[in-house]
Amino acid sequence: MKNIKFLSCLAALSFAATCSAQVNIVKHNKPTSRIVVTTQEHADSTAASILQNFVQKSTQAKLPIVYCHQAKKIKKGDILIGNGMTNSQFISKEITEDGFLLSTDDGYLRIISGGDNGSVHGVTTLLERYLNVNYWGANEYSFDTQNDLTIPRIHDIDNPAFAHRQTHFYGLDREMADPLYKEFSRFEYVNELFASNRIWVHTFLRFFPLEQYAKSHPEYYSLVNGKRHTKSTAQLCLTNPDVLEIATHKIDSLFKANPDRNMTSFSQNDGDGSWCHCDECMKIIKEEGSVSGLYIRFLNKLAERFPDKQISTLAYLYSVKPPLHAKPLPNVNIMLCNINCTREVPLDENAKGQEFLSYLEKWSELSNNIFLWDYGINFHNYVAPFPNFHIMAKNMQLFKKNHVNTFFHQLSPAPGEDFAELRTWLTSKLMWNPYADTDELILKFLKGYYGETSAPYLYQYIKLMQGALLSSNQVLWIYDTPVTFKHTMLNPKLLKRYNELFDKAEQAAAADSAHLARIQRSRLPLLYSELEIARTEPNFDVEKMSQALNHFEQDCERFMVSNLSERRLYTTDYCKLYRERFLTKRPQNLAQNAKVTYLIEPSKRYTSIAPTVLTDGLLGGNTFNQCWLGWEGTDGSFILDMGEEKEISSISIDFLQAWGDWICPINGVSYAISTDNKNFQPVGSERIAGIAQPEPYYQVKHSLDRKYKARYIRIDVDGQKKMPGSGNPSWFFIDEVFVYE
């Protein structure tokens, strides 16, 4: 009996201890606690405001906020935000920057920060866990309503996997519209880390603007093919001592103008790989086995002059390979980019990814200061399916393993990206904890954002497309088009099934206008895919696709989707071009299905389509991936055989331009005709004075001086052959030749 009494006492004491560790916040919609801000840190004040705001939304109780200089005395049950008014038992070395401790151990609810924004992250975690507050998108959040709020006994430390976490996303870029979205996502803005949000990547010309130095000091810029490259993609000559001195002076001024920031970027420009080939620069590159060696040697000199600052530089495209000998100083930040990798499987499961990981592993041996730039975007087609959710966690685990401490995941800066809100939300969760269950997170988001009854259909859609991609053994590229997948994950049977799933999701959400609108917005990539694929089919249904285009245009306007690609292909231009190019009936093309003989062969990668692509009647889209035939670094020449003599009066050719992809306008076209394929009569030419237009297509039209009879037409294209300035090979592309009577 004594033992029973003893055990009963222990149980009672245990129960009492548990109860005493609970903190009652709200009772019957009345506040029973205060928020005490224990420091003068801005993050602590922000955290207090967020907590007060959402507790009031949830319970109707407005918790009073008391600041440290006002609080004469704290009392049990108070919520203490910040690292003041505490003792050593709650200050732990285990809490890292941006991390936090939530504890009720001593009868207070303590939110202790590991530094920077830790207290805000502690509050948002508390709200997610106990009020079910979830921020799904900009101005899109949900929460539970309740009369009482009690925080049970807790003592939790939570730290981020990556010290700094950034992304591009249209909702996050609109900081003034909804700053809380950024706080709940636990992201940082560029200017919270870098001294200027305009100087954080591709910055050579920010410090050495062409208009200031190109004419007076061309020697500051890279030497390429014997000439100083002073165009928009210019790089710098980093062995020129003046470049170091000027860079030092300008960076010093930048830090003095932004004394609360300790990081800037001195990094290569985007573009065509025109690094400096002068003797001194090439000597270092050869010694180091990579252009990165030249950059690191220079950055080390620069970093020595700013020992208390961070100088970031890119390891990107031609500089991603690490140097053989140079080791970055601790305050040289390596911004390592995996732009050339594909996204259908994790990086350790395909050849390009494995090559990148070998570079990452080497860089991680050289430095603990790595900024990883990852990509979750289709640059050429923002509004297209991009099923890569299954690789995100595994890749982030690989980054964490290799000492990555700053992580940027590039998403679309414009609305309309494939599951844009889910993609951003999932990115934020996995950046904090890459070992979280991805499927569990996706399901939570789908239920919260689209509704419980619609979520299963959208989850099926995501998983079905993911499975179709993996079973196809196709790569997922960040410069692709839906047309690439028209026989695999976007084939007619699967498109039909996808639409059925979206139909069911919309039907399930019919009574909730917000959920329904979100589903319809997320359907845009599927509709866009159907439009893109349809234009490549010989049995193109003009009436059906005209209706589909109208639907797409209306929904884009409704959901403010104005830009479809990195090259700024605006929705209005796309729809206008689609109508003119694919929905407008053309005169009969006398060259339809003509046999083509090449006198100057196109690039070998296009060998398989070369026999038919110029005369098959199928027109290319806004990127070079489908229905376009390309020549690189050369002119073009070919003969069309129309099969019999025909009377002709005009010839037109469709070309593509995309400077960012090194696809340049041609210089001109010459024409000659023949009846026997031996004797050709010149019938004129057209010179091109440069194409200055936003549209990706242009047409070279040539009207003959009279009607001619011909069976064979010889066409000679004078290509630019080299990119202006850099001297690297340029491309030109043709998709169709039109011959009219």
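Computed from a predicted structure; not experimentally measured.
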| Centroid separation Phe266 to Phe298 less than 6.0 Å | yes
| query | Is it true that a side-chain atom of Trp477 and a backbone atom of Glu344 form a donor plus acceptor pair closer than 3.5 Å? | reply | no
| Can you list the steps and then say if Asp308 with Asn262 is a side chain to side chain donor-acceptor pair (under 3.5 Å)? | CA-CA 7 Å; Asp308 60 336; Asn262 71 344; over 6 Å; no
| said: Do Thr488 and Leu469 have side chains that approach each other closer than 4.5 Å (heavy atoms only, starting at C-beta)? | reply: no
| Going through the distances and angles, do Arg206 and Arg198 end up as a side-chain contact (heavy atoms from CB on, under 4.5 Å)? | CA-CA 8 Å; Arg206 298 285 187 186; Arg198 295 182 67 251; 2.5 Å; yes
| said: Quick check on side chain to side chain contact (heavy atoms under 4.5 Å, CB included): which of Ile339, Asn340, Leu398, Leu347 does Phe356 satisfy it with? | reply: Leu347
| field | Rounded distance [0.5 Å steps], OG in Ser274 versus CD in Gln235 | value | 4.5 Å
| said: Any heavy-atom pair between the side chains of Pro160 and Arg186 that's under 4.5 Å? | reply: no
| Exam field: side chain His409 to backbone Gln166, donor-acceptor pair closer than 3.5 Å | no
| said: Quick one, Leu422 and Phe389 - any side-chain contact, counting heavy atoms below 4.5 Å? | reply: yes
| task | Please state whether the rings of Phe732 and Trp631 are parallel, tilted or perpendicular, taking 30° and 60° as the class boundaries. | result | parallel
| query | Looking at Arg343, Gln466, Arg423, which hits side-chain hydrogen bond (donor to acceptor under 3.5 Å, both in side chains) with Asn388? | reply | Arg423
| said: If we count only N and O atoms by modelled type, under 3.5 Å, do the side chains of His380 and Asp661 hold a donor and an acceptor together? | reply: yes
| field | Flag side-chain contact, heavy atom, 4.5 Å: Trp363 against Pro323 | value | yes
| message | Under a 3.5 Å distance rule, please check whether Asn331 uses its side chain to pair with a backbone N or O of Phe306 as donor and acceptor. | response | yes
| Does the side chain of Leu193 come within less than 4.5 Å of Trp200's, by heavy atoms? | no
| message | Using the rule side chain to side chain contact (heavy atoms under 4.5 Å, CB included), only one of Leu236, Leu238, Ile285, Leu294 pairs with Trp275; which is it? | response | Ile285
| task | Mark yes or no for whether Ser367, through its side chain, and Ser364, through its backbone, hold a donor-acceptor pair below 3.5 Å. | result | no
| Parallel, tilted or perpendicular, as decided by the 30° and 60° cut-offs, for the rings of Tyr375 and Phe379 | perpendicular
| task | Measure the acute angle between the ring planes of Phe204 and Tyr295, then classify it against the limits of 30° and 60° as parallel, tilted or perpendicular. | result | perpendicular
| Does some side-chain heavy atom of Tyr316 sit less than 4.5 Å from a side-chain heavy atom of Asp270? | yes
| task | Assign the ring pair Phe445 / Trp425 to parallel, tilted or perpendicular, where the plane angle (0 to 90°) is split at 30° and 60°. | result | tilted
| request: Answer yes or no: is there a side-chain heavy-atom contact under 4.5 Å between Ile95 and Asn159? | output: yes
